[in-house]
Structure formats: structure tokens, C-alpha cells
Amino acid sequence: MSTYTEKVLKMVKKRNPGEAEFHQAVEEVFESLDPVFERHPVYEEHGILERLVEPERQIIFRVPWVDDEGNTKVNRGFRVEYNSALGPYKGGLRFHPSVNVGIVKFLGFEQIFKNALTGRPIGGGKGGSDFDPKGKSDAEVMRFCQSFMTELSRHIGFQTDVPAGDIGVGGREIGYLFGQYKRIKNKYEAGVLTGKGLDWGGSLVRTEATGYGLVYILEEMLKDNKISLNNQKVVISGSGNVAIYAAEKITQLGANVIAMSDSSGYLYHEKGIDLELVKEIKEVNRGRIKEYLQKYPDAEYCDKCTDIWSIKCDVALPCATQNEMDADAAQQLIDNGVIAVGEGANMPLTPEAIKLVKDNDLFYIPGKAANAGGVATSAIEMTQNAMFDDWTFDKVDQKLKSIMVNIYDDASAVAEEYGMEDDLVAGANIAGFLKVANAMIDQGVV
Ligand code: NDP
């Protein structure tokens, strides 16, 4: 690293103690940026890195609510409004017991560059709570969401900050959040949240967007290298929103998904996963993936999630959570002949796993580029809301596809320009950085 990036990284670690995931995300971006600072001292002169790592605003708040037994509960809510150089803050809300300020900052920091890559006018932000929706009744989730939004509503707006879903926040939660926002503000501000229901301002394809987008960019990268997805064996971790729709699209393109997981364990079905059954278990019944065995006793279930990467496959799509693939897992995939790894989740590979994947010349698409389809389609939802319009599935899907192809083209071109051909990590980080940094310079020291 250059003295500039080293100096700022040291400052980040000192100023934000104990936030390991945030340090990891910053370091991963900084590692790509030295060639930019060598060529363009203007960014250092304008203190761009020092400003970029510091969120414009961080809000931490109490979320009190009452459970079904009448007990008072208190969770902690977060919204980090990270960077608005390109547009209103935009990024999801995560409800999971592991959520803390460091996790929200890592996600918000990554979101700045991801959103820039989409080419849409959106800044970066992220939020959430340590609330665990698992095992809660609908009424409890509703009361929690209403309390969360009672405070959050002071800080967001369609031109200010536009949250969406992430882990633990799907259509149900967005509905409760939107209802409470509307009640408090006394106005129907459709563009304040994305991922809404289709009858009340949502966009077709938003549900599918992150998973489909991941497969579109993977397809483009492989096509560029004369490889088809047809008949490839695919392992996908997770069975949530991203995993399910990545599985759906890659199956449509002729590949065979043989394993999926949830936070309790993984499922291996050699002849191919029955995705409709997974949808029924996870989306409709909010059940456990293990229940799949009741219909398919010939499938195998193992309760050690990370062992999913020991299954021999051609394509691995980590779509569950951060740091879910370590060096041992990556090595197993490599030993078994994997050709491509695409990150559906945010930061699912540890730095050691990334190094192995790059050193072994796998086709590797980092999350910033690979999972940008979700937020890109959220921006398309905002466009429709602003126009009081709704577009067809095909129209939105075509737009999503062209955005993903553009991201691949931009990141590849920038990587080549900076002498790192085929390195999409560097290409995505630099391409995203340049857009944000140039806007920050244009807008002065704010
Ligand atoms: P969901 O809550 O819908 O699904 C998460 C899935 O991952 C669940 O199946 C969950 O299991 C599983 N899971 C969690 N931890 C583990 C683990 N350690 N091992 C195996 N499985 C695990 O979340 P999303 O699909 O929305 O998000 C997944 C990832 O994608 C996150 O990193 C998120 O930040 C990222 N992402 C999401 C976007 C979106 O549009 N939704 C956009 C861009 C990125 P269980 O059912 O047991 O909880």
C-alpha cells in the first residue's frame, strides 16, 4: 500500500476500534486504489479518502416494543447515511442479532461504490437492527417495525435517504415499515422505500433482481471467455432472497443447482434441487431447509454450513452472509476443479479466500459488482414511483440485464486501463471510486 492509503487505513482502525468487518471492507477497497493515487494526486490533495471513510451521518436509536406475552423488549436501531455525492443515500435494512455499528458501516461503505457502479443517481447508506425476526409472530414483527420506523421516519425521505430490504427484511417488513411512515407523515411518499408490494408502488423484478443480476453478470463474464452455463454444476449457499432467485435464473440458463443451505445446515441433491419446494419451505412457510428431506429422502442434509463448499461443482455462488467462505473452503473448491465464484452476498469471502481464488485464476466477481442488481432495480422502482408509472416485467428485466452487462464492461475496461486485466475486484473498486471521488471534488469540501 502507498503511504496515503496506509495512513488513512491506520486512522480508520484507530478511530473505529473493534469494528473488524468495517476495517476489512475499507482495506479491501484501499488495496485496489494505489495506482489511482499514483496517476492522479488530485484525490489525495482533496482529502478524498479521509472524507470517504467517515459517514456523513450515523444514527443509533432505541427501539422499544411489546411482545405477544406483554413483555417490554428493547432493540437497537441503526442508520448510517454514508455518502450522498451521487444522490440520496440508498441501501438496505438488516434485521439480525449480529447487527452492530461496525457491520452497518461495512455494508454502507461497500454500498457507496456498488451504487456508483450501477450508473444510477444514488448515494450510499445502510441500516438495521439487532432484532431477530426468526420465531416472532407477524404481530410482533409489525410492532417492532412500527417502533423502528417511528424514529427512522425523522431521517429518511424520497430525496434524502431511501432504505430497502436485506437479511431479515423482506416484503412483510417493508409493508409494515411503509405503513407506519405513511401514518406519521400523512402522505403517500412511494419513493421513500423500495421493495414494496406490487399493488402499492413496488416494481416487477425487484424480488428477483439481486439473484438474477448475479447470474447475468456471471453469464457475461463466462461468455466473454467462451464458456456456457449450460450443464454446469452449481452450489449456492443460503436459501433467502438472493440465493433463491440466483438458483432460478441459473437453472433457466441450463445449469444444475445441486446444493443450497440455511443458517442451520446444507442440502445436497445430486439430481438437482427442486426449487419450487425450497420456495415453499422458505418463502411461504418460513421453515427450515432440512424439511426438504420429507419429500426427497434421497437428498442429503448436513448441519455444518461451511462444508457446503466441499461439494464438487463448477460454479460456486455464496449468497448467505459475510465471511462465509474461508481459505480452507476456497481451497476445497479449487481442488475440486471449480471454475467460477460469484458473490451474491456482501463480502462472503475472507481476504485469504479472495487471494486463493485470484491466485488460481478463477473467474471471480466481487459482491460490489455481482450483487448490484438489487439496488439497481430499487433505483428503477424509484423512477417508476416518481413517474406514477409501472413497467412490465420484461422492460425492467431488460434494464437490469443491461445494467449488469455495463457494470461488467466498465469494471473490465478500468481494470485493463490500470494494467490489471481480468481483475474485476480492482476494476469494480476503481470504477466506483472514480465516479464518487470526482463528484466529491466537483461539490467542494462538504
Ligand atoms: P435473506 O434473509 O433473504 O436470506 C439469507 C439466507 O442466508 C437465509 O437462507 C439464511 O438462513 C442464510 N444464512 C445466514 N447465515 C448463514 C450461514 N452462516 N450459512 C448458511 N446460510 C446462512 O437475505 P438476502 O438473501 O436478502 O441476503 C443475503 C446476502 O445478500 C446478504 O449478504 C445481503 O447483504 C446480500 N445482498 C442482498 C440484497 C437483496 O436485494 N436482498 C442485495 C445485495 C446484497 P436462515 O433462513 O436460517 O436465516
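Note that ligands are numbered from 1 as they come in the structure, with each ligand's atoms numbered from 1 the same way. Nothing here was measured: the structure is a model prediction, and the numbers come from that model. FYI, side chains are in, hydrogens and waters are out, and symmetry mates aren't considered; it's all heavy atoms of this structure.
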*Asks:* Heavy-atom contacts with Ala345 under 4.0 Å: which atoms of ligand 1 show up? List them by number with element.
*Replies:* 29 (C), 30 (O), 32 (O), 35 (C)

*Asks:* Test the Lys395-Trp391 pair against the cation-pi criterion, namely NZ or CZ under 6.0 angstrom from the six-membered ring centroid and within 45° of the ring axis.
*Replies:* yes

*Asks:* Got the closest protein heavy atom to atom 9 (O) of ligand 1, with its distance?
*Replies:* Ser239 N, 3.0 Å

*Asks:* Does at least one non-hydrogen atom of Arg206 fall below 4.0 angstrom from an atom of ligand 1?
*Replies:* yes

*Asks:* Which protein non-hydrogen atom lies closest to atom 29 (C) of ligand 1, naming both residue and atom, and how far is it?
*Replies:* Ala320 O, 3.3 Å

*Asks:* I want to confirm something. Looking only at heavy atoms, which of Ile103, Asp166, Val375, Thr321 is nearest to atom 33 (C) of ligand 1?
*Replies:* Asp166

*Asks:* Please determine whether any non-hydrogen atom of Gly344 lies less than 4.0 Å from an atom of ligand 1.
*Replies:* yes

*Asks:* At less than 4.0 angstrom from any non-hydrogen atom of Asn346, what atoms of ligand 1 do you find?
*Replies:* 32 (O), 33 (C), 34 (O), 35 (C), 36 (N), 44 (C)

*Asks:* Hey, are the side chains of Lys134 and Ser263 touching, using non-hydrogen atoms and a 4.5 Å cut-off?
*Replies:* yes

*Asks:* With salt bridge (Lys or Arg N to Asp or Glu O under 4.0 Å) as the criterion, how do Glu54 and Lys105 come out once you've worked through the C-alpha distance, each side chain's angles and the decisive distance to 0.1 Å?
*Replies:* CA-CA 9 Å; Glu54 190 64 23; Lys105 272 157 69 182; over 6 Å; no

*Asks:* Indicate yes or no: at least one non-hydrogen side-chain atom of Leu222 is less than 4.5 angstrom from one of Leu229.
*Replies:* yes

*Asks:* Could you tell me whether Glu381 and Lys196 make a salt bridge, using a distance below 4.0 angstrom between a side-chain N and a carboxylate O?
*Replies:* yes

*Asks:* Applying a strict 4.0 Å limit to heavy atoms, is Arg94 in contact with ligand 1?
*Replies:* yes

*Asks:* Tell me whether Cys305 has any N or O atom under 3.5 angstrom from an N or O of ligand 1.
*Replies:* no

*Asks:* Under 4.0 Å, heavy-atom basis, I'd like to know which part of Glu324 is in contact with ligand 1: side chain, backbone, both or neither.
*Replies:* neither

*Asks:* Between Gly432 and Leu117, which heavy-atom pair has the shortest distance, and what is it?
*Replies:* N-CD2, 3.9 Å

*Asks:* Can the positive tip of Lys136 be found less than 6.0 Å from the middle of the six-membered ring of Phe131, inside 45° of the ring normal?
*Replies:* yes

*Asks:* State whether Glu248 and Lys279 are salt-bridged, where the test is any N-O pair (Lys NZ or Arg NE/NH1/NH2 against Asp/Glu carboxylate O) under 4.0 Å.
*Replies:* yes

*Asks:* Could you tell me if any non-hydrogen atom of His96 lies under 4.0 Å from any atom of ligand 1?
*Replies:* no

*Asks:* Give me the ring orientation class for Tyr292 and His269: parallel if the planes are under 30° apart, tilted from 30 to 60°, perpendicular past 60°.
*Replies:* perpendicular

*Asks:* Please list the nearest protein heavy atom to atom 27 (O) of ligand 1 with its residue and the distance rounded to 0.1 Å.
*Replies:* Ile167 CG1, 3.7 Å

*Asks:* Check each atom of ligand 1 against the heavy atoms of Ser261 and keep those under 4.0 Å away; list them by number with element.
*Replies:* 20 (C), 21 (N)

*Asks:* Verify side-chain hydrogen bond (donor to acceptor under 3.5 Å, both in side chains) between Tyr82 and Gln111, making sure each step is shown before the conclusion.
*Replies:* CA-CA 9 Å; Tyr82 223 119; Gln111 196 83 43; over 6 Å; no

*Asks:* Distance under 4.0 Å to a non-hydrogen atom of Cys319: what atoms of ligand 1 satisfy this?
*Replies:* 28 (C), 29 (C)

*Asks:* Considering only the protein, which heavy-atom contact is closest to atom 24 (P) of ligand 1, and what is its distance?
*Replies:* Val242 CG2, 3.9 Å

*Asks:* Just need the protein heavy atom nearest to atom 14 (C) of ligand 1, so name the residue and atom and give the distance.
*Replies:* Ser263 CB, 4.0 Å

*Asks:* Looking only at protein heavy atoms, identify the closest one to atom 41 (N) of ligand 1 and say how far it is in Å.
*Replies:* Asn241 OD1, 3.5 Å

*Asks:* What are the atoms of ligand 1, with element, lying closer than 4.0 Å to any heavy atom of Lys134?
*Replies:* 45 (P), 47 (O), 48 (O)

*Asks:* For atom 6 (C) of ligand 1, what is the closest protein heavy atom, and at what distance to 0.1 Å?
*Replies:* Gly240 N, 3.8 Å

*Asks:* Taking 4.0 angstrom as the limit, do Lys358 and Asp422 come out as a salt bridge?
*Replies:* no

*Asks:* Run through Val169, Val104, Val99, Asp130 and flag the one making a side chain to side chain contact (heavy atoms under 4.5 Å, CB included) with Arg94.
*Replies:* Val99

*Asks:* With a 4.0 Å cut-off on heavy atoms, is Gln322 touching ligand 1?
*Replies:* no

*Asks:* Ion pair present between Glu28 and Lys368, side-chain N to carboxylate O less than 4.0 angstrom?
*Replies:* yes

*Asks:* Which protein heavy atom lies closest to atom 2 (O) of ligand 1, and at what distance to 0.1 Å?
*Replies:* Gly168 N, 3.1 Å

*Asks:* If we only count N/O pairs under 3.5 Å, is Thr210 in contact with ligand 1?
*Replies:* yes

